[in-house]
Trainee: 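A single structure is presented below for examination.
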Amino acid sequence: MAHMTEWLPATPENILRAAEVLRKGGLVAFPTETVYGLGANALDIHAVGRIFTAKERPAEDPLIIHLSRRSNLKQVAQSIPALAQTLAERFWPGPLTLILPKQPAVPDLVTAGLNTVAVRVPAHPIALALIEAADVPVAAPSANRFGHTSPTTAQHVWHDLQARIDILLDGGPTPIGVESTVLDVSSDPPCILRPGGVTREQLQAVIGPVAIWNRQTPPSGGLPSPGLLERHYAPRANVIFFLGSGEPQVQLALMEYLNALLAEGKRVGALALDREAEPLERQGALVFRLGPDVESAARHIYAGLRWLDSQQVEIVLCRDLGEDGLGLAIRDRLQRAAVRVIRV
Ligand code: AMP
Ligand code: MG
């Protein structure tokens, strides 16, 4: 395909055009409720290959397949355990990815050679209309260069991918802001491989105990997916992440660290909740405000990291926001973006 990316508002006509491009093996970036995805026909190996090239993504990192309806699950999953059925009924459309036994029709490239497939139905009207019109399962990782911060606006996608894609459907900022929760339902209890938009509390209210996969001590079966390991979600600046339960102590440690860096003449940025921003600013940090609570922090965290990069800060300081609700997903992403984690 000759390369001129079309950056289009997601009108009904443009969604139909984008669906046609998907059917013909093209690449379409589109908004979901979590982040922007980079979509291709999941059953077309050449189209899927283009995703890996565009993102510079290593082939051992599997993709999530997006469907427009739960009833299409049989196209990509060999079998659907009762527990998965319950979760799909309760949480789809929504930010929950289920790991299921794979249908042979799904190319190995999509699943990085695993015998399982990751699948979800996104809760975003543009994503649903696009996939429904394309009438194929759509493999879609986040629409950023591999290892970079995920895109939550069309501008972010453009910045990372530009001419590497065919169509960029612009549907404004994404409402949740962090990726889907990836859940392995084959283990007992089911295990969160990646915390995300559906919280552990929400899952437990429906299916009882849910484990969280621990990167430091992987279970005996080894690593479920290589994509879970690397340093990831990282901006250019060096992120330093403060972890600890006492909010005032953590804030104090962060402030001391900031002062030491400023004394060395460093250009320092920070991500902070609104109520914590002012003292950091007074001290001399460039602060990106995440809003009043964890939900707004999730929505703005990637935009904040990208903005601080655009301001050429050398170091970004940020702190843990706890593990309740979306806090767990934020912790996971900041830990993986960080060059250094400081436990207070
Ligand atoms: P992204 O599309 O960038 O949000 O990344 C998708 C992530 O989903 C991968 O990096 C994996 O961690 C996870 N994933 C996809 N397929 C599987 C699978 N079959 N088993 C376990 N994890 C998976
Ligand atoms: Mg990604």
Side-chain angles (χ1 to χ4, degrees), residues 27 29-40 42 48 51-52 54-67 73 76-79 81 84 95-104 106-120 122 124 127 137-152 156-157 160-161 174 176-187 190-198 211-215 218-219 221-235 298 301-302 305-306 329 332-333 336-337:
L27 293 186
F30 60 97
T32 77
E33 80 280 34
T34 58
V35 302
Y36 273 73
L38 178 59
V48 173
I51 291 179
F52 285 89
K55 287 194 56 143
E56 297 171 34
R57 181 170 172 124
E60 60 272 11
D61 195 3
L63 306 178
I64 295 172
I65 295 185
H66 295 68
L67 305 174
L73 200 45
V76 297
Q78 178 86 288
S79 58
L96 177 66
T97 296
L98 298 173
I99 306 298
L100 299 173
K102 156 186 160 350
Q103 262 287 345
V106 176
D108 282 336
L109 187 58
V110 172
T111 61
L114 298 168
N115 55 11
T116 53
V117 65
V119 59
R120 80 179 188 102
H124 193 292
V138 174
S142 52
N144 52 280
R145 298 256 193 120
F146 181 72
H148 286 200
T149 307
S150 294
T152 53
H156 297 162
V157 178
D160 269 28
L161 299 176
T174 56
I176 294 179
V178 289
E179 298 83 349
S180 62
T181 302
V182 178
L183 186 73
D184 179 359
V185 287
S186 70
S187 58
C191 183
I192 293 177
L193 301 180
R194 175 180 76 180
V198 168
I212 297 174
W213 184 67
N214 183 336
R215 223 171 309 133
L223 199 58
S225 160
L228 298 164
L229 247 195
E230 322 93 31
R231 177 152 178 261
H232 213 94
Y233 310 103
I301 198 138
Y302 289 140
L305 289 170
R306 282 177 184 260
D332 173 75
R333 304 310 187 272
R336 292 164 73 179

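Reckoned from all heavy atoms, side chains included, excluding hydrogens, waters and symmetry mates. Every number for a ligand or one of its atoms is a count from 1 in the order of the listing. Numbers for residues simply follow the sequence, beginning at 1. Model, not experiment: these values are computed from the prediction.
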Trainee: Out of all atoms in ligand 1, which are within 4.0 Å of some heavy atom of Leu114? Include the element for each.
Mentor: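 Counting from 1, the qualifying ligand atoms are 18 (C), 19 (N), 20 (N).
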
Trainee: Hey, are the side chains of Phe146 and Phe52 touching, using non-hydrogen atoms and a 4.5 Å cut-off?
Mentor: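 Not in contact.
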
Trainee: Can you tell which part of Lys102 has a heavy atom less than 4.0 Å from ligand 1: side chain, backbone, both or neither?
Mentor: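 For Lys102, there is no contact with ligand 1 at all, from either part.
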
Trainee: Ion pair present between Arg120 and Glu33, side-chain N to carboxylate O less than 4.0 angstrom?
Mentor: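 Counted as a salt bridge, because a side-chain N and a carboxylate O are separated by less than 4.0 Å.
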
Trainee: With heavy-atom distances below 4.5 Å as the criterion, would you say the side chains of Thr32 and Pro95 are in contact?
Mentor: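 They are not in contact (no side-chain heavy atoms under 4.5 Å apart), so the answer is no.
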
Trainee: So if I count the atoms of ligand 1 from 1 in the order they appear, which ones are less than 4.0 Å from some heavy atom of Asp61?
Mentor: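 Contacts of ligand 1 toward Asp61, numbered from 1: 9 (C), 10 (O).
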
Trainee: Using heavy-atom distances, let me know which of Ser142, Gly196, Pro62 sits nearest atom 14 (N) of ligand 1.
Mentor: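 Minimum heavy-atom distance to atom 14 (N) of ligand 1 goes to Pro62.
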
Trainee: Can a side-chain donor-acceptor contact be found between Glu179 and Ser142 if the only test is distance below 3.5 angstrom?
Mentor: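 No, Glu179 and Ser142 have no side-chain donor paired with an acceptor closer than 3.5 Å.
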
Trainee: What I want to know is whether Arg194 and ligand 1 share at least one N or O pair that is separated by under 3.5 angstrom.
Mentor: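 Min N/O separation from ligand 1 is below 3.5 Å for Arg194.
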
Trainee: Contact between ligand 1 and Arg57 is defined here as a heavy atom of the residue under 4.0 Å from a ligand atom; is it met?
Mentor: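 Yes.
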
Trainee: For ligand 1, which atoms sit closer than 4.0 Å to a heavy atom of Ile99?
Mentor: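 Once the distances to Ile99 are compared, the set is 17 (C), 18 (C), 20 (N), 21 (C), 22 (N), 23 (C).
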
Trainee: For atom 16 (N) of ligand 1, tell me which residue out of Gly113, Ala118, Pro101, Pro141 has the closest non-hydrogen atom.
Mentor: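 Minimum heavy-atom distance to atom 16 (N) of ligand 1 goes to Ala118.
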
Trainee: One pair to check against side-chain contact (heavy atoms from CB on, under 4.5 Å): Arg194 and Arg333. What are the steps and the verdict?
Mentor: CA-CA 9 Å; Arg194 175 180 76 180; Arg333 304 310 187 272; 3.8 Å; yes

Trainee: Which of these, Thr149, Thr152, Asp160, Asn144, sits in a side chain to side chain donor-acceptor pair (under 3.5 Å) with Arg306?
Mentor: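 Of Thr149, Thr152, Asp160, Asn144, side chain to side chain donor-acceptor pair (under 3.5 Å) with Arg306 is met by Asp160 alone.
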
Trainee: Just heavy atoms, cut-off under 4.0 Å: does Thr116 contact ligand 1 by side chain, backbone, both, or neither?
Mentor: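 Both backbone and side chain of Thr116 come within 4.0 Å of ligand 1.
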
Trainee: Please examine the side chains of Phe30 and His124, heavy atoms only from C-beta on, and report whether any two atoms are closer than 4.5 Å.
Mentor: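 They are not in side-chain contact.
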
Trainee: Please identify which atoms of ligand 1 are closer than 4.0 Å to at least one heavy atom of Ile64.
Mentor: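 That gives atoms 6 (C), 8 (O) of ligand 1.
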
Trainee: Is Leu193 touching ligand 1 with its side chain, its backbone, both, or neither, if touching means heavy atoms under 4.0 Å apart?
Mentor: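 Under 4.0 Å from ligand 1, Leu193 contributes side-chain atoms alone.
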
Trainee: So is Thr111 in contact with ligand 1, going by heavy-atom distances below 4.0 Å?
Mentor: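 Per 4.0 Å heavy-atom rule, Thr111 does not contact ligand 1.
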
Trainee: Does a donor on one side chain sit under 3.5 Å from an acceptor on the other, for Ser180 and Thr97?
Mentor: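 A pair is found: one side chain offers a donor N or O, the other an acceptor, under 3.5 Å apart.
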
Trainee: Any N/O/S atom of Ser150 sitting less than 2.8 Å from the Mg ion (ligand 2), backbone or side chain?
Mentor: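 So Ser150 does not count as coordinating the Mg ion (ligand 2).
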
Trainee: Is there a side-chain contact between Pro104 and Gln78 in this structure, where contact means two heavy atoms from C-beta onward sitting under 4.5 Å apart?
Mentor: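 They are in contact (side-chain heavy atoms under 4.5 Å apart), so the answer is yes.
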
